[in-house]
Amino acid sequence: MSEVTVRVQKVRTASLKRKLIFFGALAGLLVAASFFSSYLCPWDPYEQNLALAKAAPSADHLLGTDRYGRDMLSRVIAGSYTSILSTLLLVAFISVFGSIAGIFCAWSGKRLDTLVMRLADMFLAFPGLVFALAVAAVLGGGVQNAIFALAAISWPKYARLARSQTLAQQELPYMQAARMAGCGTLGLIRRHVVPNIAGPILVTAMLDIGTMMMELAGLSFLGLGAKPPIPEWGSMMSDTRNLLATHPWVTLAPGFAIFVSVMIFNLLGDTVRDWLDPKNRR
Amino acid sequence: MAPVLQVEHLKKIFFSDAGEELTAVNDVSFAVHAGEKVAIIGESGSGKTTVARLVTRLSDVTEGRIVLMGKDITRASGRKLRGAYANMQMVFQSPAESFDPRCTLGDGIAECLRNFGRSRKEAEQETLRLLRVCGLAADFAGRYPHEASGGQCQRAAIARAIALKPKLLILDEATSALDVTVQAEILALLTQLQREFSLAYLFICHDIALVQDFCDRVLVMHEGRVVEEGASEEVIRRPKQAYTKRLIDSVL
């Protein structure tokens with residue numbers, strides 16, 4: 001009986017590892033593609049050719065052209081640079097700074113902790129996209145401001161998570177043992193707290209990549225993200241939505257790109273969560 | 001000779017969120033001399049673990065004085081407190097949980113040595129020696145807490161506690177989580193270490209039979225106060241206070 005359980009466990013771990021490698025590779029490919037997007041475009045994504053405007057997909061232009069005759073495939077590839085890299089930057093930024101704020105709260109006095117956490121509550125209570133709209137409207141459009149707006153509303157999630165995880169760790173005897181072993185506060189945080197809370201934060205961040213990509217595209221769709229002619233998936237869809245009925249490829253190509261990348265990052269996040277789950281370890 | 005640890009009129013008040021006061025430790029005074037084995041016994045909630053936490057400064061003292069090796073450490077912090085930890089170490093109740101789940105046992109022991117200025121190489125060698133002293137094979141240095149049994153973890157915890165050659169070891173229910181045979185082994189190890197390093201033990205415990213065997217002197221705590229104190233044979237065989245009698249009768 002016990003032998004059977006052990007084997008099931010092994011098989012599950014092995015297939016989990018395969019899944020992790022598979023989705024990790026896909027995500028890596030996506031990031032690499034967006035990083036080197038300028039070398040991958042078959043055509044110049046900015047070059048207009050009105051003679052070829054709204055051409056259907058063909059051998060020359062695999063995904064057709066938009067209303068200015070720009071090659072859609074090149075624009076989708078070039079758009080990945082803005083969409084994927086800014087999303088990763090955003091998620092990295094909020095997870096790191098949110099966590100730092102959370103750990104700081106857990107360690108600081110009650111008054112400061114309460115102040116920061118109530119501030120976090122305020123941000124959490126506010127409808128996210130509305131706040132982002134307001135920030136983007138005040139600061140003006142542009143990718144940078146869209147990132148800033150989303151960062152402003154998304155950090156509390158990480159601050160709360162890091163704070164609660166840190167408080168839980170502080171209660172464990174090993175923290176007291178480490179303190180008695182002569183660790184200062186910074187040493188405790190660096191050597192014991194961070195490694196022990198990194199797992200849940202990493203998983204949240206991975207699952208957040210998809211959401212953030214959608215929200216960034218959403219802001220761009222509303223005209224508050226990337227400014228034309230910079231190719232960005234959300235704004236590309238927004239620009240061309242009235243062509244959906246007659247020339248569907250111009251809207252569907254960036255839409256499909258968003259769909260595929262969000263799905264890949266979500267599946268990777270799910271797999272990482274399963275992988276870090278202690279129940280799935282030896 | 002001055003005692004290793006001198007505690008005077010120690011008091012700890014906890015405040016609940018509703019503003020109510022709870023006096024967990026009330027006017028507790030005692031001393032531990034070099035090489036002495038002192039036990040604190042009492043029922044759950046009597047404040048004995050709080051005393052351990054106050055003495056080790058893991059919790060702040062409300063009133064009173066703690067003097068370790070002639071130095072007042074009641075309000076010590078930072079470097080001073082760290083200096084105190086070179087003379088005083090603690091072994092915790094839950095063996096596995098007293099090690100970081102993401103560090104090996106060897107890392108846990110070496111960390112202590114590294115924090116007190118040893119080089120990485122020295123710390124590694126010393127860790128292996130300490131493990132051997134505590135009856136563990138060298139390969140335990142590379143094991144994670146969940147890969148060792150409770151008794152093995154507790155041996156490693158003792159190795160960590162004696163790494164800095166302290167004069168006082170506080171054992172907070174250090175044997176309660178272990179089964180009887182392992183408990184006997186750990187006690188044998190503690191006896192042997194005491195002979196080698198002339199350690200003093202402050203033994204927080206609720207096992208009266210064990211205290212009778214192992215400790216020289218015993219303090220009986222009840223509702224935050226020390227109600228009786230004396231040689232452990234004397235106190236346990238001929239208790240003077242009604243509470244001590246009840247406590248002992250309930251066990252034996």
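Note that this is a predicted model, so its numbers are computed, not measured. Reminder, nothing fancy here: chain letters follow the sequence lines and each chain counts from 1.
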Could you go step by step and tell me if A:Met180 and B:Leu58 meet the side chain to side chain contact (heavy atoms under 4.5 Å, CB included) rule?
-> CA-CA 8 Å; A:Met180 291 199 71; B:Leu58 292 171; 4.2 Å; yes
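- Around the CE atom of A:Met117, the shell of radius 6.0 Å holds more than 12 heavy atoms that belong to other residues, nucleotides or ligands.
- Annotation: side chain of B:Glu111 is in contact with side chain of A:Cys183 (closest heavy-atom distance under 4.5 Å).
- Counting heavy-atom pairs closer than 4.5 Å to chain A, the top-ranked of the candidates B:Asn115, B:Asp100, B:Leu164 is B:Asp100.
- Counting non-hydrogen atoms of other residues, nucleotides and ligands closer than 6.0 Å to CZ of A:Phe35 gives a total of 12 or fewer.
- Once rounded to the nearest 0.5 Å, the distance linking CZ of B:Arg57 with CZ of A:Arg179 reads 10.5 Å.
- Looking at every heavy atom in both residues, B:Ser94 comes nearest to A:Pro173 through OG-CG, 3.5 Å.
- Within the structure, the side chain to side chain donor-acceptor pair (under 3.5 Å) test picks out the following pairs touching residues 104-114 of chain A (sequence neighbours left out): A:Asp113-A:Arg163.
- Put simply, CD on B:Glu97 and CD on A:Gln176 are 10.5 Å apart, with the number rounded to the nearest 0.5 Å.
- Within the 4.5 angstrom heavy-atom criterion, only side-chain atoms of B:Phe92, from C-beta onward, approach chain A.
- Under a cut-off of 6.0 angstrom, the local environment of CD in B:Glu196 is crowded, with over 12 non-hydrogen atoms contributed by other residues, nucleotides or ligands.
- In plain terms, the two heavy atoms of B:Phe116 and A:Gly182 that are nearest each other are CE1-CA, 3.9 Å.
- Taking chain A as the reference chain and counting heavy-atom pairs below 4.5 Å, the highest number among B:Gly78, B:Gly108, B:Cys112 is found for B:Cys112.
- Interatomic distance, B:Cys103 SG to A:Arg191 CZ, rounded to the nearest 0.5 Å: 8.5 Å.
- For A:Met263, the CE atom sits in a packed shell: over 12 heavy atoms of surrounding residues, nucleotides or ligands are nearer than 6.0 Å.
- For A:Phe123, the CZ atom sits in a packed shell: over 12 heavy atoms of surrounding residues, nucleotides or ligands are nearer than 6.0 Å.
- A:Tyr174 and B:Phe99 make their closest contact through CB-C, 3.5 Å (heavy atoms, listed as atom of the first residue, atom of the second, distance).
- With a 4.5 angstrom heavy-atom cutoff, B:Arg114 does not touch chain A via any of its atoms.
- More than 12 heavy atoms of other residues, nucleotides or ligands shown are found within 6.0 angstrom of CD on B:Glu122.
- Other residues, nucleotides and ligands place no more than 12 heavy atoms under 6.0 Å from the OH atom of A:Tyr81.
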